[in-house]
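Quick caveat, the model's predicted, so the values are computed rather than measured.
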Amino acid sequence: MLAPRLDPIQSLYVHVPFCAQKCAYCAFFSEAASGELVNRYVSALTREMEMVASDLKPRTIFFGGGTPSLLNLRQWEQILSTMDRLGLLGAAEWTVECNPATVSADKARLLLDHGVNRISMGVQSLDEALLDRLGRVHDRSMVFKSFDILRAAGFANVNVDLMFAIPGQTLEVWRATLAEALALGSEHLSSYEVIYEDDTPLFAQLQAGEFSVDEDLACAMYVELVEQAEAAGLRQYEVANFARDQKTSNTEHRTPNTECTEPNPAFACRHNINYWRGGSFYGLGPSATSYVRGVRTRNWSNTQLYCEQLEQGRRAIESREELPPLARAGETAAFGLRLVAGWPFDEFAQTTGHDLRREWRQEMNELTARGWARLAPERFQLTREGLRFADAAAEMFLR
C-alpha cells in the first residue's frame with residue numbers, strides 16, 4: 001500500500017549571513033561579505049532549494065540575515081530564477097530584510113517584479129550617536145531616502161524595525177525616534193529591547209562596567225512604544241510587533257494580509273505568526289533552523305562548511321531533534337503566548353493534541369494571580385503587563 005502523500009510545507013525562511021560589518025549587539029550568525037564566498041553561497045543555496053522544493057509550496061517566504069539586501073543584482077537574479085524554475089514563486093507574503101544603506105531602485109524593482117511584496121527595514125535608531133554605538137553602517141538620512149525608494153518602486157507593505165533600551169538612550173530620544181519613525185506611515189512596526197548576548201561587543205562592555213541596565217527605564221520605553229504605536233493607528237498583536245488593520249490615506253494602494261484571521265491586524269506578519277503558532281517551516285542557508293512535522297534540524301553555522309556540504313550533494317545539517325509530544329506542546333504554548341490573542345483552547349488542542357487547561361492549569365492560575373494573564377472560557381492570554389514579561393511567563397510552560 002502506498003503511504004499517504006503529505007501536504008507540502010507552506011513557509012520558507014532563507015538566511016543570508018553577510019553584512020557590511022557586524023553590529024555591536026548581534027548574536028545571529030553573520031560575517032563580513034567577501035565577493036567569492038557570497039557567489040559560492042548563492043550557488044549552494046540554490047542547490048539546497050532544489051533538495052527541498054518537492055516538499056514546499058510557500059504561502060510565506062522570509063529572507064533574513066545578515067543583510068539580504070547586500071546581495072547584488074546578479075546574485076539576486078540567480079536566486080530568483082532558481083525559485084521560478086522550482087515553482088517557489090507566488091507566495092501570498094514574501095518579506096526581504098533590508099539595511100537602509102543597501103537599498104537601490106534597481107534592486108527594489110527586481111524584487112517586486114518577482115513577487116516580493118513586503119520589506120522589513122532595519123532602522124534600529126534615528127539618533128546618529130546611537131547608530132554609531134550599535135555599529136550600524138547607515139545614518140538617519142539613509143532611512144528616509146530608502147523608505148522613499150521603496151514606496152516609489154511600489155512596495156505597499158513596509159516594516160520598520162527599531163530597538164530600545166540602547167546604552168545611552170534617554171526616554172526623550174526614544175520618544176523622538178518613535179515619533180519620526182511612525183510619521184513615515186509604514187504598515188508595520190517591530191521594536192525589540194536590546195538583549196545582551198555572549199560574544200557580542202555590547203555584552204563585553206556591560207561586563208566591563210562601562211554602563212548598567214536600567215530596568216525601570218526599559219519598562220517606561222516599552223509603555224511609550226505601545227502608546228505611541230497605537231495612537232498612530234498600529235495595533236499590537238505580539239510582544240514587539242504592531243500592524244495596521246487596513247490601508248491608510250498616505251499611500252495610493254496597499255494590499256492587506258486578508259488571509260490573517262482575527263484578532264491579528266490585516267498587515268500582521270503571517271510568516272512570523274506561523275512560528276508563534278507552532279507551524280512547520282523550512283529554513284535554508286548557514287545556521288538556519290527548520291521545523292518540519294515535529295522534527296527540528298539546524299544547518300551548520302559556518303558558511304564555508306555549508307557550501308562544502310552542498311557542493312558534495314548533501315544537506316548541510318548539523319543537528320536533528322524530535323521532542324516528545326508533551327515537550328513539543330509546551331514549547332508551542334510558550335511561543336504562542338507572545339501573541340496578544342494568546343491561545344484559544346480549541347486551536348491549541350488541534351495544533352498539539354494536548355489540552356492547555358489540563359496540562360498547564362497550575363501555571364495559568366499562577367500567572368493570572370500575578371496579574372500577568374487572563375483566563376477566559378475560550379482562551380488564555382497574557383495581559384498588557386504580562387506581555388512585558390512574556391519570556392519569563394513562557395518559561396513556565398516548557399517541559
Side-chain angles (χ1 to χ4, degrees), residues 5-18 38-39 41-98 102-121 149-159 187-188 253-260 266-275 279-286 288 290-292 299 310 315:
R5 178 166 172 76
L6 299 171
D7 291 335
I9 303 303
Q10 297 185 349
S11 284
L12 170 65
Y13 173 78
V14 177
H15 188 70
V16 181
F18 303 107
V38 179
N39 288 334
Y41 154 82
V42 170
S43 295
L45 175 65
T46 59
R47 287 188 176 95
E48 192 177 20
M49 286 179 173
E50 289 169 350
M51 292 177 180
V52 301
S54 63
D55 192 32
L56 255 178
K57 189 169 184 178
R59 293 179 64 201
T60 73
I61 302 173
F62 199 110
F63 275 68
T67 309
S69 57
L70 201 64
L71 300 178
N72 62 36
L73 286 172
R74 186 184 58 77
Q75 290 157 347
W76 269 114
E77 285 166 353
Q78 185 178 342
I79 292 169
L80 295 168
S81 64
T82 299
M83 294 179 71
D84 187 18
R85 172 170 58 84
L86 296 173
L88 301 179
L89 299 184
E93 177 191 275
W94 184 351
T95 304
V96 172
E97 288 186 339
C98 290
T102 56
V103 174
S104 70
D106 287 347
K107 208 174 289 184
R109 279 194 295 270
L110 177 69
L111 295 175
L112 194 71
D113 287 347
H114 283 81
V116 177
N117 55 16
R118 184 175 184 271
I119 296 292
S120 181
M121 192 160 63
I149 288 171
L150 294 171
R151 286 295 198 224
F155 280 100
N157 190 356
V158 178
N159 171 55
E187 289 67 35
H188 195 284
H253 174 72
R254 299 181 180 181
T255 305
N257 296 340
T258 52
E259 290 179 26
C260 269
F267 283 97
C269 179
R270 299 183 219 179
H271 186 85
N272 287 340
I273 288 172
N274 181 60
Y275 291 153
S280 289
F281 61 92
Y282 272 106
L284 310 183
S290 297
Y291 183 67
V292 177
N299 284 352
L310 283 149
R315 292 284 308 279

(request) Keeping the roles fixed (side chain from Asn117, backbone from Ala92), state whether a donor-acceptor pair exists under 3.5 Å. (result) yes
(message) How long is the straight-line distance from CZ of Arg270 back to CD of Gln10, given to the nearest 0.5 Å?
(response) 11.5 Å
(message) For the CD atom of Glu50 and the OG1 atom of Thr82, what is their distance to the nearest 0.5 Å?
(response) 6.5 Å
(request) Side-chain contact test, heavy atoms from C-beta onward, threshold under 4.5 Å: evaluate it for His114 versus Asp84 and give yes or no. (result) no
(message) Would you say that Glu93 contacts Arg59 through its side chain, given a criterion of any heavy-atom pair below 4.5 Å between the two side chains?
(response) no
(message) Please determine whether side-chain contact (heavy atoms from CB on, under 4.5 Å) holds for the pair Met121 and Phe155, giving the CA-CA distance in whole Å, both sets of side-chain angles, and the decisive distance to 0.1 Å.
(response) CA-CA 12 Å; Met121 192 160 63; Phe155 280 100; over 6 Å; no
(request) Go through the steps for Val116 and Phe63 under the test side-chain contact (heavy atoms from CB on, under 4.5 Å), then give the verdict. (result) CA-CA 10 Å; Val116 177; Phe63 275 68; over 6 Å; no
(message) Quick one, Pro58 and Met83 - any side-chain contact, counting heavy atoms below 4.5 Å?
(response) no
(request) Evaluate the side-chain contact (heavy atoms from CB on, under 4.5 Å) criterion for residues Leu73 and Lys107: first the C-alpha distance (whole Å), next the side-chain angles of each, then the deciding distance (0.1 Å), finally the verdict. (result) CA-CA 6 Å; Leu73 286 172; Lys107 208 174 289 184; 4.2 Å; yes
(request) Grab the two heavy atoms, one from Leu310 and one from Arg47, that are nearest each other, plus how far apart they are. (result) O-CD, 3.4 Å
(request) Looking only at non-hydrogen atoms, find the nearest pair between Ala268 and Ile273 and report the distance. (result) CB-CD1, 3.8 Å
(message) Between Lys57 (side chain only) and Gly87 (backbone N and O only), is there a donor and an acceptor less than 3.5 Å apart?
(response) no
(request) Indicate yes or no: at least one non-hydrogen side-chain atom of Arg315 is less than 4.5 angstrom from one of Asn299. (result) yes
(message) For the backbone of Ile119 and the side chain of Thr95, can you confirm whether one donor and one acceptor N or O come within less than 3.5 Å of each other?
(response) no
(request) Decide yes or no for Leu150 and Val103: does some side-chain heavy atom of the first lie under 4.5 Å from some side-chain heavy atom of the second? (result) yes
(message) Rounded to the nearest 0.5 Å, what separates atom OG1 in Thr46 from atom CE in Met51?
(response) 10.0 Å
(message) For Tyr282, give me all partners under side-chain hydrogen bond (donor to acceptor under 3.5 Å, both in side chains), at least two apart in sequence or on another chain.
(response) Asp55
(request) Specify the closest pair of heavy atoms between Val158 and Arg151, including all atoms of both residues, with the distance to one decimal. (result) CG2-NH1, 3.7 Å
(request) Begin with the C-alpha distance, continue with both residues' side-chain angles, and end with the deciding distance and a verdict on salt bridge (charged side-chain N to carboxylate O under 4.0 Å, His left out) for Arg118 and Glu187. (result) CA-CA 10 Å; Arg118 184 175 184 271; Glu187 289 67 35; over 6 Å; no
(request) Quick one: list whatever passes side-chain contact (heavy atoms from CB on, under 4.5 Å) with Phe281, sequence neighbours left out. (result) Ser11, Asn274, Tyr275, Tyr291
(message) Quick one, Val96 with Trp76, criterion side-chain contact (heavy atoms from CB on, under 4.5 Å). Give me CA distance, side-chain angles, the key distance, then yes/no.
(response) CA-CA 11 Å; Val96 172; Trp76 269 114; 4.0 Å; yes
(request) Answer whether the closest heavy-atom distance between the side chains of Leu111 and Trp94 falls below 4.5 Å. (result) no
(request) Heavy atoms only: give me the nearest Cys98-Ser69 pair and the separation to one decimal. (result) CA-OG, 3.3 Å
(request) Answer yes or no: is there a side-chain heavy-atom contact under 4.5 Å between Val52 and Val292? (result) no
(request) Determine whether Gln75 and Asn39 make a side-chain contact, defined as any pair of heavy atoms from C-beta on separated by less than 4.5 Å. (result) yes
(request) Identify the two heavy atoms, one from Leu88 and one from Met49, that lie closest to each other, and give their separation to 0.1 Å. (result) CD1-CB, 4.5 Å
(message) To the closest 0.5 Å, what do you measure between OG1 (Thr102) and CG (Asn72)?
(response) 12.0 Å
